[in-house]
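Quick note: numbers below take in every heavy atom, side chains included, and nothing from hydrogens, waters or symmetry partners.
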2 protein chains.
Amino acid sequence: MSRTVKLSDVAHHAGVSVPTVSRVLRGVPNVAPELKAKVEHSVTVLGYRPNRLAKSLREQRTNIIGYLTAGTVATFHNILAQGIQDAAIEQGYAVITGHGSSVEREIMYAQIFEGYQVDGLIVVPSSDTDPYLEVVSGYLPVVEVDRTIGSFSCHAVLLDNRGAIGQAVDHLVELGHRNIGLIYGDAPVSTEVERREGFLERLAVHGLPVNPAHLASDVFSEDGGVRAATHLLTQKSPPTALITTTNEMLAGAVQAIRHLGLRLPHDVSLIGMDDTRWARLMDPPLTVIAQPAYDMGYKAGQLLIKALDDSAAHPAEPRVQRLSAQLIVRSSTAPPKEASPMTS
Amino acid sequence: MSRTVKLSDVAHHAGVSVPTVSRVLRGVPNVAPELKAKVEHSVTVLGYRPNRLAKSLREQRTNIIGYLTAGTVATFHNILAQGIQDAAIEQGYAVITGHGSSVEREIMYAQIFEGYQVDGLIVVPSSDTDPYLEVVSGYLPVVEVDRTIGSFSCHAVLLDNRGAIGQAVDHLVELGHRNIGLIYGDAPVSTEVERREGFLERLAVHGLPVNPAHLASDVFSEDGGVRAATHLLTQKSPPTALITTTNEMLAGAVQAIRHLGLRLPHDVSLIGMDDTRWARLMDPPLTVIAQPAYDMGYKAGQLLIKALDDSAAHPAEPRVQRLSAQLIVRSSTAPPKEASPMTS
DNA sequence: TTGTACGCGTTATCAC
DNA sequence: GTGATAACGCGTACAA
């Protein structure tokens, strides 16, 4: 639970009775304008937020609907969600879910969740800048998964993004590539930032120069991948290998390569993110960086629940877990056209 | 809400006080064995089920964790879930989610949801036989999506499965195919049954004979698809076209066709289910039956909420909505090898 | 060992 | 128009 500013607090602050506050909040007609104003003032001043639990108990209606599915889970974020579910259920917790595509929506859901008095929050932030989450983390245990806002201190379960891209670079360098292109999303999320940095760092480790022209960012989508890959492969001295930081952009890269009449891996090598079904089914099957999606979700669930249990004891120091990715070598990577596997 | 058998009812029935019942239920040590037995008896007789809401309010702890994600949604069931979420949030409802891969798990989640006093339930049943769901639907509005148990009367939002497969058959017949194979899952779920029946019915409409050897069922997965397709294509007179009823089995069929050295659509035509990214990305791009996933979820949410609002007025007669699928013709279908497009 | 009384935060029914 | 008071279902001191 969190701050406990209740109806009676507001009533006391406004110098009225509890039912009056309730009436104002619910918009019941017969209320004196002056009292209404005073109540509304107190509400904002005290930062009152209704307790859905008590309301539900009283009204015999929760406004919660259960969604029970036997649907197949295949993508990264679903498998992750499945991990959270399993960890939660094992500890006797239930999960209330919201898909927040934008910061506004994210905030809306977070507030609704708070209304239902959730014990804690697991979140995949939609952006690097979410001031609301910072506030929430002040009085509610929060665990970030996959992505992190970074600017505030809370628990997190993340991929070792630098290491992940590092493995891809290592593999390509071993094959003899010296001109590797990176396709990444331009959204301000931690995964993209870290993967980009990991790429540059690993290039440096191998003593390879960084060619800014071989870095292409675009919208974090299939179309963005098409554009970025096309841009990279149509320049005068194109890279001999491409790495994409997301599954969506990988799909775009595949399309672009095909559209340009290039063959995989003969003309260009390609490594993407996430070991999805289609990556295996492509012709040729794609070399990918596999994320431990289920583990990430499961560990996030465990971490949050542990934080919940410990909250009484220690004030829970922020704990960040980094999980390793696994490079799965298939047939979209090969030595570059005019080069021997061992470059000096 | 539902049946309201509370602690005090049990106490009265057992001839003890409320706290005693509470103690027994929570396993507090100091309780007389005889009273314990009496209480437990009353609990089962009355069918008492704890109200998590009241417990949460009292304990200042809900055991609910919020999961907020900006993760991408790509598969059928995710888009469907997104539709439910949107419909719910628009009406001021929250969604608590559970993934039930088996009937046991499904029942477990349903009970947990009931504990949280959900107003209603939306469910994708995992099997045709779930006695518990029948019971639940007696006192809680239930909407089935995608699949239906069928044996009890409740609301449902389903695909027009017969029509969907019918479109696929029509398309293949127009191309000149007369020997069409069907690959379907052997799980006892309504979608599989209806799609199989729709296939047979449509064949009859075209005056085409049914060849039992061209019907292959297997486990509802990629591997199952591989086996079924291999079985179908390696017999003496194989079908010239294949239809799969699920996306998973489609993936298996693609693999089998490739493994057998067959070319798409030259050697065999193929139509599958769900317009997923990889179906578009395949070489050649796959002709598929696209389901209105988001609409199905959204309509299910609307239907449930309407049922909730109406529950006071009319006892809510069961309402079943059938949504149409759309055949998306791409390049995995073509006239059969030795046949003109127009067969007599 | 068991029962009484109260509180969790809110809404609904009454008098005033 | 407004404010006591009770109730929603459960857990927990405290007293018996």
Any side-chain N or O of [X] below 4.0 angstrom from OP1/OP2 of [N]?
X        : N       : answer
Asn30(A) : dG1(D)  : yes
Thr20(A) : dG3(D)  : yes
Tyr48(B) : dC10(D) : yes

Got a sec, which residues hit side-chain contact (heavy atoms from CB on, under 4.5 Å) with [X], two or more places apart in sequence or on another chain?
X         : answer
Lys6(A)   : Ser8(A), Asp9(A)
Ala156(B) : Glu144(B), Leu158(B), Val320(B)
Lys38(B)  : Leu35(B)
Glu40(A)  : Val24(A), Lys36(A)

Taking the side chain as every heavy atom from C-beta outward, state whether [X] and [Y] have any atom pair closer than 4.5 Å.
X         : Y         : value
Asn51(B)  : Tyr116(B) : no
Thr97(B)  : Ile96(A)  : no
Val189(B) : Val193(B) : no

Worksheet item: Is the closest side-chain donor-acceptor distance between Glu104(B) and Tyr109(B) under 3.5 Å?
Response: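 No donor-acceptor contact under 3.5 Å links the two side chains.
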
Worksheet item: So, Ser190(A) and Thr148(A): side-chain donor and acceptor under 3.5 Å apart, yes or no?
Response: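 Ser190(A) vs Thr148(A): no donor-acceptor pair found between side chains.
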
Practice prompt. With a 4.0 angstrom cut-off to heavy atoms of chain A, pull out the first and last contacting nucleotide of DNA chain C, in 5'-to-3' order.
Written response: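 Here the contact window of chain A covers dC8(C) to dA12(C).
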
Worksheet item: Does Arg319(A) offer a backbone N or O that forms a donor-acceptor pair with the side chain of His155(A) under 3.5 Å?
Response: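 Yes; at least one donor-acceptor contact below 3.5 Å.
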
Atom-pair distance ([atom1] on [X]; [atom2] on [N]), nearest Å:
X        : N      : atom1 : atom2 : result
Arg52(A) : dC8(D) : CZ    : C1'   : 14 Å
Asp9(B)  : dC8(D) : CG    : P     : 10 Å
Leu7(A)  : dG3(D) : CG    : C1'   : 13 Å
Leu53(B) : dA7(D) : CG    : C1'   : 15 Å
His12(A) : dG3(D) : NE2   : C1'   : 15 Å

Practice prompt. Sorted by first residue and then second, give each salt bridge (charged side-chain N to carboxylate O under 4.0 Å, His left out) pair with at least one member in residues 84-100 of chain B; sequence neighbours left out.
Written response: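 Non-adjacent pairs meeting salt bridge (charged side-chain N to carboxylate O under 4.0 Å, His left out): Arg105(A)-Asp86(B).
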
Worksheet item: Can you name the side-chain hydrogen bond (donor to acceptor under 3.5 Å, both in side chains) partners of Arg52(B), sequence neighbours left out?
Response: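 Partners of Arg52(B) under the side-chain hydrogen bond (donor to acceptor under 3.5 Å, both in side chains) test: Ser56(B).
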
Discussion item. Holding to salt bridge (Lys or Arg N to Asp or Glu O under 4.0 Å), I want the full list of residues that pass it with Arg322(A), two or more places apart in sequence or in another chain.
Written reply: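 Once residues adjacent in sequence are excluded, the partners of Arg322(A) under the salt bridge (Lys or Arg N to Asp or Glu O under 4.0 Å) criterion are Glu194(A).
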
Worksheet entry | Partner set under salt bridge (Lys or Arg N to Asp or Glu O under 4.0 Å) for Glu59(A), not counting sequence neighbours |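 By the salt bridge (Lys or Arg N to Asp or Glu O under 4.0 Å) rule, Glu59(A) matches Lys55(A).
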
Item to complete: For Ala54(B) and for Ala32(B), find the nucleotide of DNA chain C with the closest heavy atom, then tell me which residue's nucleotide is more 5'.
Response: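 Checking each residue's closest nucleotide, the 5'-ward one belongs to Ala32(B).
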
Fill in: Close residues, residues 35-42 of chain A, relative to DNA chain C [heavy-atom separation under 4.0 Å]
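Contacting residues: none.
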
Practice prompt. Mind checking which stems touch DNA chain D? I mean at least 3 consecutive Watson-Crick or G-U pairs, both distances under 3.5 Å.
Written response: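 Stem list for DNA chain D: C:3-16 with D:1-14.
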
Worksheet item: If you measure from the P atom in dG11(D) to the same atom in dA15(D), how many Å do you get, rounded?
Response: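 dG11(D) and dA15(D) have their P atoms separated by 22 Å.
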
Anything under 3.5 Å between a protein N or O and an N or O of nucleotides 12-16 of chain D, put it in a table, one pair a line.
from: dT12(D); atom 1: OP2; to: Arg26(B); atom 2: NH1; distance (Å): 2.5

